[in-house]
Amino acid sequence: ARFLDSKVGPKVQGKTVLELGSGCGTVGLAAACLGAARVVLSDGHAEALELARSNVKANQAAAAAVAGKAKGETGGATAAATAANGNNVAAALCLSGCKVGCTLADWNDPKGMKASCQPAGLKYDLVIGADLVYPGSDVAGLPAAIHSLLDPVDGHALLAYEPRGEEGAVTMAEFEKRCVGLLTIGQVPFSAIGTDFDRYRKEGGTAELQILKLTPVWTKGGASAATGGKGGGVQHRWVSIAEKLAALRRRVDGLEQRRS
């Protein structure tokens, strides 16, 4: 949520956003506050989804009250309301105008995902998720689900990931393996994350927290490279997260040596 706010903000405006494994819905609601046109919170656990629904209802009610007051004080001028009252009003105006929905969805059930998350073939500009890949998590159907949900033109996914020992590395390796032919994996460099988020990583005890950007692989004809698209398709080059981390550590070590 902090990363969306500090670095993605304007790019979310007017977009369709899906949060996978939403839990209480914090990240999806952040996207709504940043101006997304439509946000869907999805989770495979009914209890978590009920909490998300309650949070959506409470936050939208509060946002409507703040937005209504601001509009009343400024004669209904949204721009004036934002300028006069700051970011809180801007967020309230966005949230109160965003269509936010909650749905039960299991990424290992393709038909169920399509029925619950893609009414009328809906595709998403942005798919987001926090802590979906962790030791022992079932990621078998996750890459395929993300691929099927994304808009083929410029859709992508952002996942917050925290490495957790050998078991976590095994799960990530499985996720990477299943991404081949479906998604390219890139790590957002720390320089692009921003100092506020970097400080949060360190102060929160999650110094290894990473933001991964997943981009769908398509052939020229628009089909998935993994489903046998014909004709000279886009070639997928798989680079593991371990390789990226190793390169990053070498770069950091080099900088530290220069400083010393």
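Below, all heavy atoms of this structure are taken into account, side chains as well, without hydrogens, waters or symmetry copies.
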So how far is it from [X] [atom1] to [Y] [atom2], rounded to the nearest 0.5 Å?
| X | Y | atom1 | atom2 | result |
| --- | --- | --- | --- | --- |
| C179 | H147 | SG | NE2 | 10.5 Å |
| C117 | E19 | SG | CD | 11.5 Å |
| T26 | N59 | OG1 | CG | 9.0 Å |
| L182 | L214 | CG | CG | 11.0 Å |
| N55 | Q60 | CG | CD | 11.0 Å |
| L159 | I211 | CG | CD1 | 8.5 Å |

Tell me, with the steps shown, if Q13 and L34 meet side chain to side chain contact (heavy atoms under 4.5 Å, CB included).
-> CA-CA 6 Å; Q13 292 177 8; L34 290 169; 5.9 Å; no
Does the side chain to side chain contact (heavy atoms under 4.5 Å, CB included) test come out yes or no for D154 and D125, once each step is laid out?
-> CA-CA 7 Å; D154 57 1; D125 301 303; 4.0 Å; yes
Can L149 and M113 be said to form a side chain to side chain contact (heavy atoms under 4.5 Å, CB included), step by step?
-> CA-CA 9 Å; L149 291 163; M113 282 288 294; 3.7 Å; yes
Residue pair V40, Y124: steps toward the side chain to side chain contact (heavy atoms under 4.5 Å, CB included) verdict = CA-CA 10 Å; V40 175; Y124 294 90; 3.5 Å; yes
Have a look at M172 and tell me which of V133, V139, I185 forms a side chain to side chain contact (heavy atoms under 4.5 Å, CB included) with it.
-> V133
For L49, what are the other residues in its hydrophobic cluster, where any two members join if their side-chain heavy atoms are less than 4.5 angstrom apart?
-> L104
Of the non-hydrogen atoms in [X] and [Y], which two are nearest, and what is the gap between them?
| X | Y | result |
| --- | --- | --- |
| G181 | V217 | O-CB, 3.9 Å |
| C102 | V56 | SG-CG2, 4.1 Å |
| S148 | K123 | O-NZ, 2.5 Å |
| V39 | G28 | CG1-O, 3.5 Å |
| S116 | A105 | OG-CB, 3.6 Å |
| G21 | L132 | CA-CD2, 4.0 Å |

Flag yes if V188 and I128 sit in one hydrophobic cluster, no otherwise; membership is Ile, Leu, Val, Met, Phe, Trp, Tyr, and two members link when side-chain heavy atoms are under 4.5 Å apart.
-> yes
Identify whether V170 and Y161 are in the same connected component of the hydrophobic contact network (ILVMFWY, side-chain heavy atoms under 4.5 Å).
-> no
Are any side-chain N or O atoms of T103 and backbone N or O atoms of S42, one a donor and one an acceptor, separated by less than 3.5 Å?
-> no
Donor-acceptor pair, side chain of T171 and main chain of G136, under 3.5 angstrom | yes
Are the side chains of K11 and L126 in touch, meaning some heavy atoms are under 4.5 Å apart?
-> no
Pairs where residues 126-151 contributes a residue and the test salt bridge (Lys or Arg N to Asp or Glu O under 4.0 Å) is met, not counting sequence neighbours | D131-R164
